[in-house]
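Working notes, structure below.
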Amino acid sequence: MPREQRGDYEVGYGKPPRHTRFAKGQSGNPRGRPCGAKNFNMLLEEALDETVTVTENGGRRKVSKRQAIVTQLVNRSATADFRAIKILLDKLRDIERQTEPASPETAEFGEADQKVLEQIRSRFSKGEP
């Protein structure tokens with residue numbers, strides 16, 4: 001074949017012929033995942049945000065399923081249901097770990113942090129009489 005028809009490069013692994021490459025502006029997976037397709041987490045969030053009607057103290061009101069689940073878990077824990085108590089305490093422990101600030105003993109300062117602290121200390125000490 002003449003060089004013009006072959007192309008100016010070698011065809012091989014990772015080098016497909018030019019006529020079989022994807023055209024500019026054309027997707028390589030046109031029937032792929034559609035826009036707005038929902039994953040499991042989004043579906044779960046939507047299901048938990050749906051409202052249900054509950055009867056409490058003789059009155060009816062609408063609450064989210066998420067709120068109803070938490071209320072039931074706390075109520076079952078109050079009636080000495082050990083599985084519910086374990087689930088509730090584990091969840092509380094997780095929440096406390098997330099909100100608990102790091103203790104100063106465990107927080108180590110790097111060399112750059114030490115330099116910044118020294119600069120701040122020197123600025124404040126200059127202002128004192």
Hey, could you give me the [atom1]/[atom2] distance between [X] and [Y], rounded to the nearest 0.5 Å?
X: Arg83; Y: Leu73; atom1: CZ; atom2: CG; answer: 11.0 Å
X: Cys35; Y: Arg33; atom1: SG; atom2: CZ; answer: 7.0 Å
X: Glu46; Y: Leu44; atom1: CD; atom2: CG; answer: 10.0 Å
X: Lys86; Y: Leu88; atom1: NZ; atom2: CG; answer: 11.5 Å
X: Ser122; Y: Leu117; atom1: OG; atom2: CG; answer: 11.0 Å
X: Leu43; Y: Leu48; atom1: CG; atom2: CG; answer: 11.0 Å

Legend entry - Heavy-atom donor-acceptor pair, Ser64 side chain to Gln67 backbone, under 3.5 Å: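 Yes; at least one donor-acceptor contact below 3.5 Å.
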Legend entry - Main-chain N/O of Ile87 paired to Asp90 side chain as donor or acceptor, under 3.5 Å: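 No; judged by distance alone, with no hydrogens or angles, the pair does not exist.
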Smallest separation among heavy atoms of [X] and [Y], with atom names:
X: Arg76; Y: Ala84; value: CB-CB, 3.9 Å
X: Ile85; Y: Ala80; value: CD1-CA, 4.0 Å
X: Ala68; Y: Val52; value: CB-CG2, 4.4 Å
X: Thr20; Y: Pro16; value: OG1-CB, 3.8 Å

Legend entry - Worked check of side-chain contact (heavy atoms from CB on, under 4.5 Å) between Thr71 and Glu56: CA-CA 11 Å; Thr71 304; Glu56 229 176 22; 4.3 Å; yes
Inset, instruction - Check the pair Arg66 / Asp49 against salt bridge (charged side-chain N to carboxylate O under 4.0 Å, His left out), numbers first and verdict last. - result: CA-CA 6 Å; Arg66 182 186 316 255; Asp49 289 337; 3.0 Å; yes
Inset, instruction - Following the transitive rule for hydrophobic clusters with a side-chain heavy-atom cut-off under 4.5 Å over Ile, Leu, Val, Met, Phe, Trp and Tyr, establish whether Phe82 and Val74 coincide in one cluster. - result: yes
Legend entry - Whether over 12 other heavy atoms sit under 6.0 Å from Arg21 CZ: yes
Legend entry - Derivation and outcome, side-chain contact (heavy atoms from CB on, under 4.5 Å), residues Thr53 and Arg61: CA-CA 6 Å; Thr53 305; Arg61 64 185 190 124; over 6 Å; no
Inset, instruction - Mind running side-chain contact (heavy atoms from CB on, under 4.5 Å) on Thr51 and Val63 for me, showing each step along the way? - result: CA-CA 5 Å; Thr51 58; Val63 296; over 6 Å; no
Legend entry - Qualifying residues under side chain to side chain contact (heavy atoms under 4.5 Å, CB included), relative to Glu118, sequence neighbours excluded: Arg121
